[in-house]
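For reference, the structure is listed below as C-alpha cells.
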There are 2 protein chains.
Amino acid sequence: MSPARRGQDTRDRVVGAAASLYRRQGCAGTGLAQIAQESGTRVGSIYHFFGGGKDALTEEVVRTSGAAYGALVAGILAEGPEDPVEALGAAFGRAADDLAASGYADACPIATIALEVASTHEPLRRATAEVFGEWLVGLTAFCRGVVDDEAVARDLATAVLTMLEGAFVLSRAARDTTALHAAGRGVVVLASALRDTHAAQD
Amino acid sequence: MSPARRGQDTRDRVVGAAASLYRRQGCAGTGLAQIAQESGTRVGSIYHFFGGGKDALTEEVVRTSGAAYGALVAGILAEGPEDPVEALGAAFGRAADDLAASGYADACPIATIALEVASTHEPLRRATAEVFGEWLVGLTAFCRGVVDDEAVARDLATAVLTMLEGAFVLSRAARDTTALHAAGRGVVVLASALRDTHAAQD
DNA sequence: CCCTCTCTTGAACGATCACTCAAGTAGGCT
DNA sequence: AGCCTACTTGAGTGATCGTTCAAGAGAGGG
C-alpha cells in the first residue's frame with residue numbers, strides 16, 4: 001500500500017475519531033492522546049497531517065461533520081413524506097429515534113463545539129457559523145415548499161433549526177426524547193400556520 | 001468581619017466567577033486556577049468550600065445560575081406585554097438585546113455545561129436536566145395563559161424553550177441576533193396558532 | 001539498488017490540570 | 001487572656017495538556 005493511501009486512511013480515521021469524541025464530550029474535554037488512541041495512531045501522526053495542531057484538526061472536524069450532517073438531514077427530508085410539513089415533523093421523530101439509539105450521544109455534531117468556541121476562538125467560531133449558515137440555506141430552500149415567500153421561508157427554516165438544536169440540548173440532558181417530539185409537533189403547527197396565512201394572502 | 005461572613009463572600013464570589021467563566025468557555029475549558037484568580041482567592045480556598053472538588057462546584061453553579069436564570073425569565077415575562085403571546089415574543093427580543101450587549105457571551109448559563117456533561121458525567125447531567133425541568137414547569141404555567149389545556153401548554157412551553165436554547169446557539173455562533181428574532185417571530189406564530197385552535201375547540 | 005518522499009514512532013518539552021496539605025491568620029466565645 | 005473554629009496561604013503532588021523533534025520504516029521512481 002502506498003504511503004499516500006495509508007496516510008489518507010489515517011487522516012480520515014483521525015478526523016472521524018475526533019468528530020465522534022467531540023460530539024460526546026466537547027472539544028476542550030477531548031485530548032489529542034485520546035483521539036490518537038481512538039483512531040489507532042500516535043499523536044505525532046496527527047501533527048503530520050495537521051500542522052496547525054488541534055485547532056486545525058478541530059476546524060476540519062467542524063467543516064467535515066457539518067457537511068455530512070447537512071447532507072444527512074437533507075436526505076431524511078427528501079425521503080420523508082411528500083407533504084413538506086409532514087416531512088419536517090417526521091424528521092424530528094427520526095432525530096429522536098437516532099438519538100435514543102445512540103445512547104443520547106449522537107445529536108448535533110457541532111453544537112457543543114459552537115458553544116465552547118463562540119467567545120474564545122474566533123476562527124473556529126466563524127467555521128461553526130458558516131456551517132449553520134449553509135444548513136440554513138438548504139433548509140430555507142426546503143421550506144420554500146411550504147411558503148413561497150423567501151423571507152418567510154427563511155424565518156421558518158431558522159425556527160426549525162433552533163427547535164432542532166434546542167431540543168437536542170434538552171433531550172440529551174434529560175435522556176429522553178420528549179423535547180424532540182414536542183418540538184416536532186411545534187414545527188408542524190408552526191409550518192402549517194405559516195402555510196395557511198400565506199395561502200390566505202394569495 | 002466574622003470569618004463566616006468573609007467565607008460566605010468568598011464562596012459566593014467563587015460560584016459567581018465560575019458561572020461567568022463556564023458560560024463563556026464551558027466547564028472543561030475552565031481551570032480552577034482561572035476561577036480562583038477571577039474571584040480573587042486561591043485554589044486552596046475553593047477546596048475549603050467545595051470538598052467535592054470541581055464537580056461539586058460545577059453542580060452548585062448549575063443549580064444556582066439555573067435558578068437565577070429561571071427567575072430572570074419569569075420576571076421578564078411578568079413585566080412584559082399583558083398579552084402572554086406578545087410577552088413571549090418580547091422576551092426573545094429582550095434576550096437578543098442582552099446577548100448583543102454582553103458581546104454575545106451571556107446566553108443560557110447552563111447549555112454549554114449540559115452538552116459537555118450529558119454523556120460524560122451522570123450526576124451533573126441529572127443536575128442540568130432538573131434545572132431544565134424546573135424551567136419547563138414555570139414556562140408551562142405561563143403558557144396556560146395562552147392555552148388552557150395542560151398538555152398543549154406543556155408542548156408549547158417545551159417548544160418555546162427549545163427555540164430559545166437553539167437560537168442562543170445560532171446567535172452566539174453567528175454573532176448576530178437574527179436567529180433570536182426569527183425564533184421570537186416563530187414563537188408568536190406558534191402560540192397564536194395554538195390559542196386559535198384551542199379556542200375553536202371550546 | 002538507492003534515493004526520495006510520506007508517514008510512523010517514541011521520547012521529550014514546558015505548561016497547566018485537579019487536587020492535597022501543613023502552616024498561618026484572625027475573629028468569636030468563655 | 002487563651003482557645004476554637006473558620007478561613008487563607010503557598011508550596012507541592014502526579015497526571016495530562018498541546019506541541020516538537022529526531023530517527024526509523026517503507027513503498028515508488030530513477
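Listed candidates were dT19(D), dT8(D), dC7(C). Nearest to the side chain of Lys54(A) is dT19(D). Side-chain atoms of Tyr47(A) lie closest to dT20(D) of the nucleotides dT8(D), dG10(D), dT20(D). Considering only side-chain atoms of Leu32(B), the nucleotide from dT9(D), dT8(C), dC19(C) that sits closest is dC19(C).
Atoms CZ (Phe49(A)) and P (dT19(D)) sit 17 Å apart, rounded to a whole Å. Distance CD1 (Ile35(B)) to C1' (dC19(C)): 13 Å, rounded to an integer number of Å. In this structure, the CG atom of Asp9(A) is 14 Å from the P atom of dA27(D), given to the nearest Å. Whole-Å rounding puts the Ile46(B) CD1 to dG10(D) P distance at 15 Å. Atom NE2 of His48(A) and atom C1' of dG24(D) are 14 Å apart (whole Å). Between the CZ atom of Arg11(A) and the P atom of dT8(C) there is a distance of 12 Å, given to the nearest Å. In this structure, CG of Leu57(A) is placed 10 Å from P of dT19(D), rounded to the nearest angstrom. Remark: C1' of dT20(C) and CZ of Phe50(B) are 18 Å apart, rounded to the nearest angstrom.
Salt bridge annotation for Glu150(A)-Arg154(A): absent, with no cationic side-chain nitrogen under 4.0 angstrom from a carboxylate oxygen. Between Arg24(B) and Asp106(B), at least one side-chain nitrogen of the basic residue sits less than 4.0 Å from a carboxylate oxygen of the acidic one, meeting the salt-bridge criterion.
A close approach under 4.0 Å does not occur between any side-chain nitrogen or oxygen of Arg42(B) and OP1 or OP2 of dT8(D). Thr10(A) has no side-chain polar atom (N or O) that falls below the 4.0 Å cut-off from OP1 or OP2 of dC7(C). Phosphate contact (OP1/OP2 of dT8(D), side-chain N/O of Ser45(B), threshold under 4.0 Å): present.
Heavy-atom distances to DNA chain D give each of Thr41(B) and Cys27(A) a nearest nucleotide, and the one nearer the 5′ end belongs to Thr41(B).
Under a cut-off of 6.0 angstrom, the local environment of CZ in Arg126(B) is sparse, with at most 12 non-hydrogen atoms contributed by other residues, nucleotides or ligands.
Gly44(B) comes within 4.0 angstrom of a base, heavy atoms only. Thr30(B) comes within contact range of the sugar-phosphate backbone alone, with a heavy-atom separation under 4.0 Å but no base atom that close.
In this structure a side-chain-to-backbone donor-acceptor pair under 3.5 Å is missing from Arg125(A) to Ser119(A).
Partners of Thr140(A) according to the side-chain hydrogen bond (donor to acceptor under 3.5 Å, both in side chains) rule, which considers only residues two or more places apart in sequence or in another chain, do not exist here.
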